[in-house]
Undergrad: 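What follows is a single structure, and I will ask about it in a moment.
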Amino acid sequence: MRVKMECVTAGRFFGPSSSRLSNPRRRRIVLNRKNGLSAHNLCSSSKFKIQAQTHLSSEVGIAKQGSLTDFGVQEFVWPSPTDEIPFWKKGFPSWDANLEVPSEVKKDSKLMHIIHVTAEMAPIAKVGGLGDVVTGLARACLSRGHRVDIMLPFYECIQREQIDDLTLITTYNSYHDGKWIPTHAYSSTVSGIPVIFIEPSHQFFKGQHVYGGSYNELEAYLFFSRACLEWMQQVTGTQPDIIHVHEWQTAALPLLYWDMYHYLSLQKPRIVLTIHNMEHYGECRQEQLNMCGLDGSLYATFDKAVDDRTVGHNPERLSLLKGGIVYSNAVVTVSPTYLKETLCSGWLSSTLIRHRDKYLGIVNGIDTAMWNPSTDVFLPSKFHAQNSEGKKLCKYYVQRGLGLASGNHVPDTALKVPLVVCITRLVAQKGLHLIIHAIKQVEELGGQMVILGKAPDSRVESEFEGLANSHNQGPSIRILLMYSEELSHLLYAAADFMLVPSMYEPCGLAQMIGMRYGAVPIVRKTGGLADTVFDMDDEPNHEMANGFVFEGIDEGSLYRALGRAFACYRNKPDEWNGIVKKVMAVDNSWNNTAGKYIEIYESVRA
C-alpha cells in the first residue's frame, strides 16, 4: 500500500517576518551525522524538497541540552510559508504498511473468518474515525492469525494507485427496486488487508467524495448491503463466522440476513454491529426499505425498526440503526463511558436498554504501525518514548513551515512557546465554541495554536474562514481549513498539547494518537475521552494521570485547564519531560482492543 494521500492546497501565511522567510539565503541549522541525519535525505535545494529518511535510526534526536544549534556538520534548510509547494506536499517515499504488521503477536488458537462490511476504510476511503477503526481492527485480527476481508463500495473517488493487485473477480446481479443490477466485484489488497470492492453499474457511489454524491445515499447503502450478501451466497458460497457491520450505512444487512439470506444458503455467519456515533440513525421510509427486497411495513413496529420519534406522525419512519441493533447478535459501541451515556439519553436508549445483555463498550485502538514516530515517513526526525528529543526538531520544523517562527528567532526561544494542536472535523459535536475560545485563550497565555480541519456546514466554514483571515497573518495562530494525512502526522509530532474539547465523543482517536507522538491531551471529560485521559491533578489516580481534563462546557473551565497545562510546561520541566515519556509509553494499540472483539466474536459464533 502506497501512502499517497490527497490533500488540499493551503493558503500561504504571511506573518510579520514573511520577507525574511522568503529570502532564499534564509538561516540554516546544522545537523549531526552521528545521530543519523543526512542533509541529502532532508533537503535537496533551497526550495526544501523533503525526502523522509526511511533508513534512519529511531534514535534520531537533538542534543540533550535541548538546543537545536548543538547539531554538528550537515546543513538543514528549513521550510517557509512562502515555498512554492507547502512542506507537507513534498515527495514523500512510499510506505508499505504491511511490512509493519507486528510478527511477535501471539496467534489465537480458535481462528475465524471475519468479513467487515463498511462505508469507510483508511486510507483509501476515509472521512472520519470509522475508516481508521475498520483498518486498525482488521489488521490486528489478521496479525492474530484470523482470516479477514473488508467489503467496501468502489467509490469513484478512490485513487486506484493506492490499491495493490486490483483484479476483477466477476460480474453478478444484485437486486434493487425491482431490477437486477449488474455489479462488479474486485479483489485487492490495501494496507495488507484483503479487500472486496463492490461496484454497481448504475449511478451509485459516483462523485468526487466518499459522501455527498448526486445519488441517494441511503438507497445506495441499502443496495450495497444486499450486494455483499448476494456476493457471499451467489458468487462465492462464502460462509464467514462473523459479518461485522458498521454504522447506519450497513445496519440493514442484519435485517436482510436474518429475514432473507439465512433462509437461503447463508447459515453460518453471525452479525456484530459497531456503533461509532449514535448521532446518525439512518432514517428511512418504508418504501425505501422495499427497494432492497424487504417489506418495509413489517419493520414499522416498536420492537423492530420504527423511529420512535416519528410514532403518530404521517408518515412514520424507520431507523436502519435501530433495526441493526435489534437484529444483530452483538452490538458494540466504542467506549464504556459512551455506552453509559447512550443508555441514559437519546431516543435509542429504550431500545439499547431492552437489548442491554448484548450491548458492550470497547475503547478503540490506534494502528501503531501507521502512527509510529520512530518510523513515520512524514517526519523530518524520528523519535520514540526512550528518546523523544527528535520531537523538538519536528516542532521547530512545523513552526518554520507555518510562519510561527522565523530565521531571526533563536530555535530555543521558539521551542519554549507551548504549541497546542487541534485536529478535528469542525462540527458542533467537537465543541466549536470552545475551539474558538481556545484561540483567544492560547494567545493570551503566550502560546501558539494550529487548527486542522474541514467544516461540512457552510455557515461554520464561513465563520472559521473569517477567523483564519484574522489570525493567519499573526505570530501565534494558524487555522487550516482542509484535511491532509501528511500534515496531520507532522502536527501530531510537533504538538506539545492535543486539544479535544468535545461536547460528546464516542471514543476519539486524536488524544490517543497525540499521546503516541508525545502530545499531552487537554480534553473535556466525556465518552471515550473520559476512558483514556486522566487528570494530572487527580491525586487518588496519580498513577494513571496523563493529561489535563475539564468537565464544564464554558470557556472558564477550558481556560483553567489550559492554564494548568501551560504552567506545568513552563514551570516544571522535569515533571513535563516525565509526562511526555509517560504518554508515549501508553499502549493504545489495536492488539489489546482486538482481543476484546475476538471474545465477542467467539461468544456469538455458530
Side-chain angles (χ1 to χ4, degrees), residues 3-13 29 37 41-43 48-54 56 58 60-62 68 76-81 83 85-93 95 122-123 126 132 366-367 370-384 388-405 411 414-415 417-424 448-454 472 477-499 509-510 512-520 580 584:
V3 178
K4 294 182 179 177
M5 299 302 299
E6 178 182 2
C7 57
V8 182
T9 303
R12 291 178 177 159
F13 305 99
I29 301 297
L37 287 171
N41 291 326
L42 288 168
C43 57
F48 194 86
K49 183 175 182 180
I50 182 171
Q51 298 177 0
Q53 54 285 43
T54 55
L56 291 183
S58 60
V60 167
I62 298 170
L68 291 180
F76 187 95
V77 181
W78 299 98
S80 161
D83 288 340
I85 300 175
F87 63 92
W88 63 89
K89 297 189 73 174
K90 305 297 181 177
F92 295 103
W95 169 60
K126 173 182 171 179
D132 291 308
I366 59 171
D367 192 318
M370 289 185 174
W371 299 104
N372 185 352
S374 69
T375 61
D376 195 322
V377 299
F378 300 128
L379 306 188
S381 176
K382 312 295 191 278
F383 58 94
H384 53 75
S388 61
E389 293 294 323
K391 182 175 174 64
K392 295 174 183 175
L393 189 146
C394 293
K395 177 180 177 179
Y396 189 64
Y397 176 84
V398 167
Q399 286 175 315
R400 288 291 298 265
L402 294 179
L404 294 172
L415 288 173
V417 179
L419 178 61
V420 179
V421 168
C422 182
I423 300 175
T424 184
Q448 294 177 337
M449 184 172 182
V450 179
I451 298 169
L452 176 67
K454 295 182 71 173
N472 281 356
I477 306 295
R478 295 294 179 264
I479 300 170
L480 311 174
L481 299 178
M482 62 179 193
Y483 182 75
S484 162
E485 188 79 3
E486 297 92 336
L487 183 54
S488 69
H489 282 248
L490 287 157
L491 289 176
Y492 281 121
D496 297 306
F497 298 103
M498 185 60 50
L499 177 64
L509 297 177
M512 292 189 283
I513 297 171
M515 285 191 278
R516 175 83 164 153
Y517 284 71
V520 177
V580 171
M584 291 188 71

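Treat the numbers as computed from the prediction; the structure is a model and nothing was measured.
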Undergrad: Just verifying a value: how many Å separate M449 CE and R478 CZ, rounded to the nearest 0.5 Å?
TA: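 Atom-to-atom, M449:CE and R478:CZ are 13.5 Å apart.
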Undergrad: Under 6.0 Å between the ring centres of W78 and Y396?
TA: yes
Undergrad: Which heavy atom of G514 sits nearest to which heavy atom of M498, and what is that distance?
TA: CA-CE, 4.4 Å
Undergrad: After noting the C-alpha distance and the side-chain angles of L452 and V421, does the key distance pass the side chain to side chain contact (heavy atoms under 4.5 Å, CB included) rule?
TA: CA-CA 8 Å; L452 176 67; V421 168; over 6 Å; no
Undergrad: With side chains defined as the heavy atoms from C-beta onward, is the minimum distance between S80 and R400 less than 4.5 Å?
TA: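 When only atoms from C-beta onward are counted, R400 and S80 do not touch, as no gap falls below 4.5 Å.
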Undergrad: Nearest heavy-atom pair of I477 and L404: which atoms, and what distance?
TA: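 In this case the closest contact between I477 and L404 is N-CD2, 4.1 Å.
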Undergrad: For residues S488 and W88, determine if any side-chain heavy atom of one lies less than 4.5 Å from a side-chain heavy atom of the other.
TA: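 Not in contact.
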Undergrad: Would a 4.5 Å heavy-atom cut-off, applied to side chains only, mark P373 and K391 as touching?
TA: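 No, their side chains stay 4.5 Å or more apart.
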Undergrad: When rounded to the nearest 0.5 angstrom, what distance separates CD1 in I513 from CG in N372?
TA: 12.5 Å
Undergrad: Angle class for the H489/W371 ring planes (parallel below 30°, perpendicular above 60°, tilted otherwise)?
TA: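 Taking W371 first and then H489, their aromatic rings lie parallel (interplane angle under 30°).
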Undergrad: Restricting to non-hydrogen atoms, name the atom on L480 and the atom on L402 that form the minimum distance, rounded to 0.1 Å.
TA: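 Scanning both residues, the minimum pair turns out to be CD1-CD2, 4.3 Å.
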Undergrad: OG1 of T375 to CE of M370: how many Å apart, nearest 0.5 Å?
TA: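 The OG1 atom of T375 sits 11.5 Å away from the CE atom of M370.
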Undergrad: Check this for me: does any side-chain nitrogen of one of E486 and K90 sit under 4.0 Å from a carboxylate oxygen of the other?
TA: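 Salt bridge between E486 and K90, a charged N being under 4.0 Å from a carboxylate O: no.
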Undergrad: Looking only at atom types and distance, does a side-chain atom of Y483 sit under 3.5 Å from a main-chain N or O of I423, one as donor and one as acceptor?
TA: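 No; judged by distance alone, with no hydrogens or angles, the pair does not exist.
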Undergrad: If you define the side chain from C-beta out and look only at heavy atoms, does anything of L393 sit under 4.5 Å from P380?
TA: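 L393 vs P380: side chains touch.
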Undergrad: Search all heavy atoms of L419 against all heavy atoms of K395 and return the closest pair with its distance.
TA: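 Closest approach of L419 to K395: CB-CE, 4.0 Å.
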Undergrad: With heavy-atom distances below 4.5 Å as the criterion, would you say the side chains of K454 and L481 are in contact?
TA: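 No - every pair of side-chain heavy atoms lies 4.5 Å or more apart.
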Undergrad: With rounding to the nearest 0.5 angstrom, report the CZ to CG distance, F87 to L487.
TA: 5.5 Å
Undergrad: Check Q399 against V417 and note the closest heavy-atom contact, atom names and distance.
TA: NE2-O, 4.4 Å
Undergrad: Could you go step by step and tell me if R516 and Y492 meet the side chain to side chain contact (heavy atoms under 4.5 Å, CB included) rule?
TA: CA-CA 9 Å; R516 175 83 164 153; Y492 281 121; over 6 Å; no
Undergrad: Going by an N to O cut-off under 4.0 Å, is there a salt bridge joining D376 and K382?
TA: no
Undergrad: Taking atom CG of L491 and atom CD1 of I451, what is their separation to the nearest 0.5 Å?
TA: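 So the CG of L491 and the CD1 of I451 are separated by 11.5 Å.
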Undergrad: Going through the checks in order, is the side chain to side chain contact (heavy atoms under 4.5 Å, CB included) test met by C394 and F383?
TA: CA-CA 10 Å; C394 293; F383 58 94; 4.0 Å; yes
Undergrad: Could you tell me which non-hydrogen atom of V580 sits nearest to which non-hydrogen atom of G518, and how far apart they are?
TA: CG1-O, 3.9 Å
Undergrad: Might you work through the side chain to side chain contact (heavy atoms under 4.5 Å, CB included) test for L379 and Y397, ending with a clear yes or no?
TA: CA-CA 9 Å; L379 306 188; Y397 176 84; over 6 Å; no
Undergrad: Would a 4.5 Å heavy-atom cut-off, applied to side chains only, mark D132 and D367 as touching?
TA: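 No, every pair of side-chain atoms sits at 4.5 Å or beyond.
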